[in-house]
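The next block holds one structure in the form of structure tokens; read it before the comments.
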Amino acid sequence: MTEGTTSAAAEGADTLTRLEQEGEIAADYLEGLLDIADLDGDIDMDVEADRAAVSIISDAGSRDLQKLVGRDGEVLEALQELTRLAVHRETGDRSRLMLDIGGYRAKKRAELSELGAKTAAEVRSTGEPVKMKPMTPFERKVVHDAVKAAGLRSESEGEEPQRFVVVLPA
């Protein structure tokens with residue numbers, strides 16, 4: 001190995017270690033939260049796309065976990081921010097950690113990918129830009145990725161919480 005390759009490998013290992021540490025801190029925080037709320041759930045940790053990914057899953061009816069998702073994922077978004085703050089408090093670094101509860105984000109990602117692809121097909125056939133409904137940053141990112149995969153471009157416009165995606169013709 002060359003010196004550059006060695007340092008790149010060491011940097012990658014450091015990043016993985018840091019992300020795993022974020023996941024551990026987040027898991028401890030979320031386990032405490034589950035205990036306080038008297039909810040059952042298991043914590044699953046992973047590293048996906050250069051960010052820590054933590055999921056709360058349950059074998060029992062996920063009805064209890066739905067409380068932690070809330071309407072349209074609002075409670076999930078808030079819990080994700082609180083978890084990121086808990087990680088920041090411990091590490092001093094800003095976290096990009098993603099939280100999923102009961103598979104909500106995974107299901108939402110699949111739905112939004114399909115919506116992005118359908119919207120891209122519509123724009124391709126009509127040649128006209130399409131403005132989508134307001135979305136969270138997570139939702140916009142998924143749609144942007146789907147539009148890019150379809151070979152078109154997209155932009156975000158507006159101010160939070162009314163920020164939305166515009167899919168543009170090629």
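- Scanning all heavy atoms of the two residues, the minimum distance from Pro161 to Pro134 falls at O-CB, 3.9 Å.
- The only member of Met132, Lys133, Glu139 that meets side-chain contact (heavy atoms from CB on, under 4.5 Å) when paired with Leu115 is Met132.
- The side-chain contact (heavy atoms from CB on, under 4.5 Å) test with Leu79 is passed by exactly one of Val69, Leu68, Ile56: Leu68.
- Under the 4.5 Å side-chain heavy-atom criterion for Ile, Leu, Val, Met, Phe, Trp and Tyr, Leu33 and Val75 are members of the same hydrophobic cluster.
- With respect to the salt-bridge test (charged N to carboxylate O, under 4.0 angstrom), the residues Arg18 and Glu22 qualify.
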Check the pair Gln21, Ile25 against side-chain contact (heavy atoms from CB on, under 4.5 Å), reporting the backbone distance first and the verdict last. CA-CA 6 Å; Gln21 178 190 18; Ile25 294 167; 3.9 Å; yes
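- A heavy-atom distance below 4.5 Å is not found between the side chains of Met98 and Arg96.
- Atom CG of Leu82 and atom CD of Glu77 lie 11.5 Å apart (nearest 0.5 Å).
- The two residues Leu65 and Ile101 come nearest to each other via the heavy atoms O-CG2, 3.7 Å.
- For Leu16, the side-chain contact (heavy atoms from CB on, under 4.5 Å) criterion is met by Glu20, Val47, not counting sequence neighbours.
- More than 12 heavy-atom neighbours from other residues, nucleotides or ligands sit within 6.0 angstrom of CD on Glu160.
- A donor-acceptor pair is defined here as one N or O able to donate and one able to accept, closer than 3.5 Å; no such pair exists between the side chain of Asp145 and the backbone of Ala149.
- For the 3.5 Å distance criterion, the side chains of His88 and Ser95 fail to qualify, holding no donor opposite an acceptor.
- Taking CG of Asp100 as the start and CG of Asp44 as the end, the distance is 10.0 Å to the nearest 0.5 Å.
- When all heavy atoms of Ala52 and Leu19 are compared, the closest pair comes out as CB-O, 3.5 Å.
- Transitive grouping of hydrophobic side chains (ILVMFWY, heavy atoms separated by less than 4.5 Å) keeps Val166 and Val143 in distinct clusters.
- To the nearest 0.5 Å, atoms NZ (Lys108) and CG (Asp72) are separated by 6.0 Å.
- A side-chain donor-acceptor contact under 3.5 Å links Gln80 and Arg105.
- Qualifying salt bridge (Lys or Arg N to Asp or Glu O under 4.0 Å) partners for Lys148, counting only residues two or more places apart in sequence or in other chains: none.
- Once rounded to the nearest 0.5 Å, the distance linking CG of Leu39 with CG of Leu30 reads 11.5 Å.
- Between the Thr91 side chain and the Asp93 main chain, a donor and an acceptor come within less than 3.5 Å of each other.
- Between Gly73 and Tyr104 the shortest heavy-atom distance is N-OH, 3.4 Å.
- The minimum heavy-atom distance between Val54 and Ala26, with the atom names listed, is CG2-CB, 3.9 Å.
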Leu152 vs Val123, side-chain contact (heavy atoms from CB on, under 4.5 Å): CA-CA, chis, key distance, verdict: CA-CA 9 Å; Leu152 294 181; Val123 169; 4.0 Å; yes
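- The shortest side-chain heavy-atom distance between Glu74 and Arg71 falls under the 4.5 Å cut-off.
- Although no hydrogens or angles enter the test, the distance criterion places no donor-acceptor pair under 3.5 Å between the side chain of Arg153 and the main chain of Leu168.
- Residues Lys118 and Glu114 are paired through a salt bridge, judged by an N-O separation under 4.0 Å between the basic side chain and the carboxylate.
- The closest side-chain heavy-atom distance from Ser113 to Val142 is below 4.5 Å.
- Across all their heavy atoms, Ser58 and Gly41 have their closest contact at CB-CA, 4.4 Å.
- Rounding to the nearest 0.5 Å gives a distance of 5.0 Å between CG of Leu34 and CD1 of Ile43.
- Within a 6.0 Å radius of CG in Asp50, other residues, nucleotides and ligands contribute 12 heavy atoms or fewer.
- Put simply, the side chain of His144 reaches to within 4.5 Å of the side chain of Val165, judged on heavy atoms.
- Here the straight-line distance linking atom CE of Met135 with atom CZ of Arg140 works out to 9.0 Å at 0.5 Å rounding.
- Within the 3.5 Å criterion, the main-chain N or O of Gly158 finds a donor-acceptor partner in the side chain of Arg163.
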